[in-house]
Amino acid sequence: MYITTTIPYVNARPHLGHALELVQADVLARHHRRRGEPVRFQTGTDDNSLKNVLAAEAEGVPVRELVDRNAAAFEGLRGPLELSFDGFIRTSGHPGHRAGVERIWRAVGHDLYRRHYDGLYCVGCEQFYPAGPCPDGHGEPLQAVSEENWFFRLSRYQDALAELIRGGRLRIEPAARRNEVLAFVEAGLADISVSRSAARARGWGIPVPDDPGQVVYVWWDALANYVTALEGGDYERWWVRERRKAHLMGKGVIRFHAVYWPAMLLSAGLPLPTDILVHDYLTVDGRKISKSAGGAVDPVALVAAYGSDAVRWWLLREVPRVGDADFTEARLIARYDEDLANGLGNLVNRVVTMVCRFLDGHVPEGEPPVGVSGAVHEALEDFDFRRAAAAVWTLVEEANRYVDREQPWKQAGPARERTLGGLVAACRELAVQLEPFLPTAAARVAAAVGGDRLGPPAPLYRRLSGVAH
RNA sequence: GGGGCGGUAGCUCAGCCGGUCAGAGCAUCGGACUCAUAAUCCGUGGGUCGUGGGUUCAAGUCCCACCCGCCCUACCA
């Protein structure tokens with residue numbers, strides 16, 4: 001399975017919203033790897049957005065400097081969030097990217113033509129609007145642009161796209177998003193501008209082949225990353241031969257991924273992605289996350305304060321499949337205490353304690369009294385991380401119930417050994433099931449219940465909130 | 001303007017093709033237990049399922065209108 005995230009433009013440091021998408025992609029990647037499937041998990045940054053240029057100007061630093069610094073911050077999420085991506089592409093630095101963009105451009109040449117265009121351009125959105133103001137409310141007024149650009153005959157692919165989506169060849173999840181895209185396509189597709197004058201782009205970006213006065217539209221440039229990130233044999237392996245190719249993205253950029261991008265590929269005669277997986281947005285304390293407004297939560301700071309398990313668990317367990325989710329530190333703490341400390345941590349702790357106290361640490365043979373069946377996989381196939389996380393957690397809940405039901409402290413001899421052996425086995429199984437979601441927790445649990453003889457108990461997670469006495 | 005998505009217990013949310021669907025978790029309250037991180041387990045209370053109509057033997061669950069929040073899209077139905 002080839003799994004990609006969108007590549008954010010790097011006009012600022014990453015916020016919690018980026019973490020959501022990366023963690024979701026990471027869970028998919030780890031899950032499918034664990035099933036023994038070949039997986040390539042690809043992410044990166046869009047360095048060529050005009051917004052990056054403007055951010056650099058506002059800050060008074062060279063574009064290159066700002067882009068390098070912020071891109072490094074995005075790549076640096078790998079450690080704190082425990083991301084397992086295999087590839088990280090930067091559109092300004094990746095050796096094959098520019099050449100790949102040019103190659104696609106030429107392959108699509110039969111659908112490109114020059115046209116004079118008068119329009120109002122919103123830099124914030126990187127797109128044209130027929131009339132102002134920008135619906136997203138980006139502060140700056142729309143730029144009146146009058147220039148000759150390259151256009152792509154998107155209109156030509158309307159029927160083909162509709163058919164691909166209707167037939168499920170191009171799967172869009174959740175279904176509501178699929179309907180949304182279908183409605184958009186069936187309403188009629190107009191050709192789109194795919195270049196801009198190099199002057200207006202401040203010279204930043206990839207020049208149009210054989211037309212140095214023009215720069216390739218940043219979206220064209222960015223979308224191409226999904227194939228340009230794959231060089232040499234990797235392209236053949238992951239874009240041509242791979243059966244499942246999934247793009248993860250936020251709801252704001254569906255049109256680019258589910259319409260423009262497939263149309264580009266159709267025109268170029270290249271294979272298409274198979275899954276478009278769309279998540280909604282996060283708000284923080286009830287407010288929209290705004291990179292510029294500072295209300296953004298720094299995922300790295302959050303991890304530093306609460307640990308990667310806490311952050312990943314909140315993102316996976318609390319964010320619904322449909323609808324924006326509101327992040328608050330209180331909710332994260334509540335989830336941490338309830339699930340990680342009281343649920344998982346306490347379970348492992350009580351099991352280890354009993355094995356040490358009653359059996360001198362020796363682990364008896366045992367079959368786990370609980371299991372998860374296919375619920376996790378089914379939920380992930382539906383792109384429902386919350387349901388998947390809940391499915392894994394049934395192991396914790398059932399194991400805790402099992403302890404209370406069997407009451408091993410009252411048991412003796414073989415009965416007690418059978419119970420405790422089963423519980424240790426259950427914890428080991430839990431470690432395995434947990435790995436795609438919480439790698440650190442999985443490792444901690446595995447360490448606590450590994451081997452023939454268990455060491456002394458040590459709490460895995462301390463409660464964060466004060467406990468009333 | 002068009003299209004779509006939400007509006008279900010105090011909070012966060014499940015409820016697919018209509019008939020144990022009125023639910024789960026948290027919070028509250030009561031009980032049990034003591035292996036454990038004052039944790040765990042069991043049980044209780046609480047909702048006119050946004051509003052108003054309609055279809056049906058039967059509707060959160062389908063249809064229409066409206067209200068609130070949000071998203072996409074379009075100044076050409």
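Only heavy atoms go into these numbers, but all of them, side chains included; no hydrogens, no water, no symmetry mates. The sequence lines fix the lettering, A, B, ..., with proteins before strands; numbering per chain opens at 1.
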**Student:** Is a donor-acceptor contact shorter than 3.5 angstrom present between the side chain of A:Asn346 and the base of B:A36?
**Tutor:**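 By the distance-only test, yes, there is a pair.
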**Student:** Using a strict threshold of under 4.0 Å (side-chain N to carboxylate O), is an ion pair present between A:Arg312 and A:Asp26?
**Tutor:**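 Salt bridge present between A:Asp26 and A:Arg312.
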**Student:** Any Lys/Arg nitrogen of A:Asp382 or A:Arg387 sitting under 4.0 Å from an Asp/Glu carboxylate oxygen of the other?
**Tutor:**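 Yes, charged N to carboxylate O under 4.0 Å.
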**Student:** If you take the centroid of each ring, where Trp contributes its six-membered ring, are A:Trp313 and A:Trp393 closer together than 6.0 Å?
**Tutor:**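 Yes - the distance between ring centres of A:Trp393 and A:Trp313 falls below the 6.0 Å cut-off.
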**Student:** Are A:Asp46 and A:Lys51 close enough for a salt bridge, meaning some N to O gap below 4.0 Å?
**Tutor:**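 Salt bridge between A:Asp46 and A:Lys51, a charged N being under 4.0 Å from a carboxylate O: no.
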**Student:** Considering only side-chain heavy atoms of A:Arg462, which listed nucleotide, B:C13, B:U37, B:C35, is closest?
**Tutor:**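 Of the candidates, B:U37 comes closest.
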**Student:** Quick one: which of B:C71, B:U34, B:A39 gets closest to the side chain of A:Lys251?
**Tutor:**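 Selected nucleotide: B:C71.
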**Student:** Heavy atoms under 4.0 Å, any strand shown: does A:Arg405 hit a base, just sugar-phosphate, or nothing?
**Tutor:**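 It contacts nothing in the nucleic acid.
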**Student:** Taking side chain as C-beta onward, heavy atoms only, is A:Glu318 less than 4.5 Å from A:Arg331?
**Tutor:**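 In contact.
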**Student:** Does this structure show an ion pair linking A:Arg321 with A:Glu173, if we count only N-O contacts that are shorter than 4.0 Å?
**Tutor:**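 Salt bridge present between A:Arg321 and A:Glu173.
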**Student:** Pairing donors with acceptors under 3.5 angstrom, does anything connect the side chains of A:Glu82 and A:Thr440?
**Tutor:**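 Short answer, yes.
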**Student:** Which nucleotide in the set B:A14, B:A39, B:C35 lies at the smallest distance from any side-chain heavy atom of A:Arg386?
**Tutor:**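 Per side-chain heavy atoms of A:Arg386, the pick is B:A14.
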**Student:** With a 4.0 Å heavy-atom cut-off, tell me which residues in residues 347-357 of chain A come close to RNA chain B, sorted by residue number.
**Tutor:**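 Listed by number, they are A:Asn349, A:Arg350, A:Thr353, A:Met354, A:Arg357.
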**Student:** So A:Tyr281, base contact, sugar-phosphate only, or nothing? Heavy-atom distance under 4.0 Å.
**Tutor:**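 Counting heavy atoms under 4.0 Å across all strands, no contact is made by A:Tyr281.
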**Student:** Closest approach to the side chain of A:Glu180, judged atom by atom: which nucleotide of B:U37, B:C72, B:U40 is it?
**Tutor:**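 Between B:U37, B:C72, B:U40, the one nearest the side chain of A:Glu180 would be B:C72.
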**Student:** Report the base-pairing partner of B:G25 (Watson-Crick or G-U wobble, both distances below 3.5 angstrom), or none.
**Tutor:**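 Base partner found: B:C11.
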**Student:** Quick one, which residues of residues 390-402 of chain A touch RNA chain B with a heavy atom under 4.0 Å?
**Tutor:**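 By residue number: A:Asn400, A:Arg401.
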**Student:** Answer yes when A:Asp159 and A:Arg166 have at least one side-chain N-carboxylate O distance shorter than 4.0 Å, and no when they do not.
**Tutor:**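 Result for this pair is no, no salt bridge flagged.
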